[in-house]
Amino acid sequence: QVQLVESGGGLVQAGGSLRLSCTTTERFFSSYAMGWFRQASGKEREFVAAISRSGMNIDYTDSVKERFTISRDNAKNTVYLQMNSLKPEDTAIYYCVQSLVMARVQNRVKYWGQGTQVTVSS
């Protein structure tokens, strides 16, 4: 069973930055697309960002464009989410995901991380 472990969450003031990391035990990391979803309290889980196997293709939900950057290091089996200019509405549990292709929908996700809490205070 592949495990995805997120880190880097925490409490930050509005306008601040956080960098999430996700390391996977997947042996063939570069064969999978990676991404991030988030779920705010009382809301449905939503797509945040995705990156292709090579890193050449990237996709973001509109609300985080120009503020968040997804990247990956295939040598380290790690995907990152750099979050800048954070807003209170970014507060959520952030989940790292692994999929065969870039996934905007949950039913395309193969593996989920356990999630890391991001809280942005106003």
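Note: hydrogens, waters and symmetry copies are ignored here, and every other heavy atom, side chains too, is used.
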In one Ile/Leu/Val/Met/Phe/Trp/Tyr side-chain cluster, 4.5 Å: Leu4, Leu81: yes
Using the six-membered ring wherever Trp is involved, compare the ring planes of Tyr94 and Phe68 and label them parallel, tilted or perpendicular (cut-offs 30° and 60°). tilted
Distance-only donor-acceptor pairs under 3.5 Å for side chains of residues 95-102, two or more places apart:
residue	atom	partner	partner atom	Å
Gln98	OE1	Thr24	OG1	3.3
Gln98	NE2	Glu26	OE1	3.3
Ser99	OG	Val101	O	2.5

N/O donor-acceptor pair under 3.5 Å between Arg104 side chain and Tyr60 backbone: yes
Between CG of Asp73 and OG of Ser30, what distance do you get to the nearest 0.5 Å? 11.5 Å
Value rounded to 0.5 Å, distance of CD in Glu89 from NZ in Lys43: 8.5 Å
Taking atom types as modelled and ignoring hydrogens, do the side chains of Thr23 and Thr78 form a donor-acceptor contact shorter than 3.5 angstrom? yes
Throw together a table of side-chain donor-acceptor distances under 3.5 angstrom for residues 109-116, partners on residues two or more places apart or in other chains.
residue	atom	partner	partner atom	Å
Gln114	NE2	Glu6	OE1	3.2
Thr116	OG1	Gly9	N	3.4

Shortest non-hydrogen pair, Ala14 vs Pro88, comes out as CB-CD, 4.1 Å
Where the side chain of Thr25 meets the backbone of Val2, is there a donor-acceptor pair that is under 3.5 Å apart? no
Looking at Asn74 and Arg53, would you say the former's side chain and the latter's main chain have a donor-acceptor pair under 3.5 Å? yes
Is Asp90 paired with Lys87 through a side-chain N to carboxylate O contact shorter than 4.0 Å? no
Taking all non-hydrogen atoms of both residues into account, name the closest pair between Ser17 and Asn84 and its distance. OG-OD1, 2.9 Å
At what distance, to the nearest 0.5 angstrom, does CE of Met34 lie from CD1 of Ile51? 10.0 Å
Within a strict 4.5 Å, meaning less than it, do heavy atoms of the Val64 and Arg38 side chains meet? yes
Met83 and Val12, any side-chain heavy atoms less than 4.5 Å apart: no
Indicate the atoms forming the closest heavy-atom contact of Ala92 with Ala40, along with that distance. CB-N, 3.7 Å
Could you walk me through whether Val120 and Val118 pass side chain to side chain contact (heavy atoms under 4.5 Å, CB included), step by step? CA-CA 7 Å; Val120 185; Val118 171; 4.2 Å; yes
Going from OH on Tyr80 to OG1 on Thr69, what distance comes out if it is rounded to the nearest 0.5 angstrom? 14.0 Å
Using the rule that Ile, Leu, Val, Met, Phe, Trp and Tyr join whenever any side-chain heavy atoms are under 4.5 Å apart, tell me whether Leu20 and Leu86 fall into a single cluster. yes
Side-chain (Arg72) to main-chain (Phe29) donor-acceptor, under 3.5 angstrom: yes
Quick one: pull up CD in Gln117 and OG1 in Thr91 and give me the separation to the nearest 0.5 Å. 7.0 Å
